[in-house]
Amino acid sequence: MILLISHQADAHARCVLDHLQAMERPALLFDLAEFPDRATLSIDYADGARPRIDYARADGERHALEEVRSVWWRRPQAPDLSSVTDAQAHLFTANEWNEALNGLWRLLGDARWMNDPGRDDAASRKAAQLRIAAELGFKVPRTLISSDPQRVREFVRALGPGATVHKTFSCTHAVWRETRLLGEDDLAHLDTVRLAPVIFQEFVPAAADIRVTAVGGRLFPAEIKLDPVPGAIDFRPNLGAATVREHVLPLPLRQRLLALMQRLGLEYGAIDLRLTPQGEYYFFEINTAGEFLFIEQRTGQPIGHAVAEWLAGAQSMRLTTRVISADAVRSG
Ligand SMILES: Nc1ncnc2c1ncn2[C@@H]1O[C@H](COP(=O)(O)OP(=O)(O)O)[C@@H](O)[C@H]1O
Ligand SMILES: [Mg+2]
């Protein structure tokens, strides 16, 4: 069985589930927010070396998770503990689920993971990504991550006027902030970085933004071109007006990207690069579970299908082994 760890409203999970269904591969959307009210989890050590893992849903559906052969770590949700109102009990319950689920991922350790949660977590740390990219020979923008206003002022001064962008580590549903040029207003409020570190970076001019989606050793590079919008540097708020096309990467860059995936131990990644008017590629970041539908829909690159194929890969190998051995028994 193939496990997709996400939730019902995830269009990417839907897309991959549809491909898996067309391939006639049994797959299950595993939404951790169904715990604890709409599903239960039991790990039964009756046979110590081979624990049985039962996932039972309130609607009567049951699944033996020890059968899982591949997993897509896509959008893991937190168990829905809204019914636990006491703050201490809430914290305790959340920790207990966290422990049990982290143990479950280890128990499924024989499965192939896209991506392994531990590696995914390590690889997604922006503060460390740039060093790894630089070690592998990518050009990276001059960057300062700091909560010290004085250090930031010096950094901005050294780059010169209008040459610094600022970006966040993460976003939530409530707060999403695109990358922006640091303006006069921001300079007046630089002291607020004391509250939490901010990523400051040299502004890199664009011939195009490049999004490379890597799926199990395959690369799907796309270029995103936008007519200049005054004051905007991040393509996302104006994605509708952008031209998105397949892009041909130079061979050494392809190799470098594959080396990056290998170094990070990832099977899936969406890498943001920028191609400058001088023809240089800069590395910005890798999103370990980045979206691909906006690229697939605009370029026709079969990314969802590639994810499904990768997930089905382990199953088809196992199926072949079983078919061969059954034939061998019959004929022998
Ligand atoms: N140093 C930079 N110079 C110019 N534009 C940038 C720079 N960094 C990011 N951008 C623009 O902002 C977008 C988002 O930045 P990115 O580093 O991918 O962070 P995130 O996607 O997490 O916000 C990039 O794809 C690019 O369009
Ligand atoms: Mg990005």
Side-chain angles (χ1 to χ4, degrees), residues 12 75 120-121 123-134 138-146 152 155-156 158-183 186 196-214 219-245 247 249 253 257 260-261 264 266 268-295 298-299 303:
H12 289 70
R75 283 284 181 274
D120 195 286
D121 185 66
S124 62
R125 304 295 162 187
K126 280 194 181 186
Q129 286 183 356
L130 290 173
R131 182 176 94 181
I132 294 169
F138 284 95
K139 268 187 106 60
V140 298
R142 172 85 178 84
T143 301
L144 176 73
I145 299 170
S146 179
V152 178
F155 180 82
V156 174
L159 286 176
T164 309
V165 309
H166 59 111
K167 49 176 112 168
T168 58
F169 286 95
S170 61
C171 58
T172 62
H173 274 295
V175 181
W176 183 75
R177 272 237 160 195
E178 78 273 22
T179 298
R180 293 184 193 163
L181 265 177
L182 196 76
D186 305 306
V198 174
I199 307 171
F200 296 91
Q201 216 160 52
E202 128 195 35
F203 171 73
V204 178
D209 275 302
I210 309 290
R211 167 53 82 93
V212 185
T213 314
L219 298 178
F220 298 95
E223 60 181 51
I224 301 157
K225 280 193 179 168
L226 194 63
D227 287 336
V229 176
I233 56 161
D234 187 332
F235 66 82
R236 287 168 299 180
N238 302 300
L239 187 60
T243 314
V244 185
R245 272 200 301 252
H247 179 79
L249 291 169
L253 185 60
L257 287 161
L260 177 71
M261 295 299 287
L264 297 171
L266 300 180
Y268 182 91
I271 300 136
D272 286 328
L273 306 169
R274 182 165 264 202
L275 175 62
T276 67
Q278 288 74 36
E280 287 182 313
Y281 290 86
Y282 275 81
F283 173 93
F284 284 157
E285 62 155 350
I286 175 163
N287 304 280
T288 55
E291 313 286 42
F292 61 77
L293 283 177
F294 76 102
I295 297 289
R298 308 279 282 267
T299 63
I303 305 174

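All values below were derived from every heavy atom in this structure, side-chain atoms included, with hydrogens, water molecules and symmetry-related copies excluded. All of these numbers come straight from a predicted model, not from anything done at the bench. Atoms within each ligand, like the ligands themselves, are counted from 1 in listed order. Counting begins at 1 with the first residue of the sequence.
- The name of the N, O or S atom in Glu285 nearest to the Mg ion (ligand 2) is OE2.
- The heavy-atom pair separating Ala208 from Lys225 by the smallest distance is CB-CG, 3.7 Å.
- By the 3.5 Å distance cut-off applied to N or O atoms, Lys167 is counted among the residues near ligand 1.
- If you run side-chain hydrogen bond (donor to acceptor under 3.5 Å, both in side chains) between Gln201 and each of Thr164, Thr179, Thr143, only Thr143 comes through.
- If you look at Val165 next to ligand 1, the close heavy atoms, those under 4.0 Å, all belong to the side chain.
- Using a 4.0 Å cut-off between heavy atoms, Glu202 contacts ligand 1 through its backbone alone, with no side-chain atom that close.
- Annotation for ligand 1: atoms under 4.0 Å from non-hydrogen atoms of Phe203 are 3 (N), 4 (C).
- If you number the atoms of ligand 1 from 1 as listed, the ones under 4.0 Å from a heavy atom of Asp272 come out as 18 (O).
- Salt-bridge check for Arg75 with Glu291: passed, with a basic side-chain N closer than 4.0 Å to an acidic carboxylate O.
- In plain terms, the two heavy atoms of His12 and Phe292 that are nearest each other are NE2-N, 2.8 Å.
- With hydrogens and angles disregarded, a donor-acceptor distance shorter than 3.5 Å links the side chain of Arg298 to the backbone of Ala242.
- The N/O atoms of Asn287, backbone and side chain alike, include none that comes under 3.5 Å of an N/O atom in ligand 1.
- Under the 6.0 Å distance and 45° angle rule, Lys126 does not count as a cation-pi partner of Phe284.
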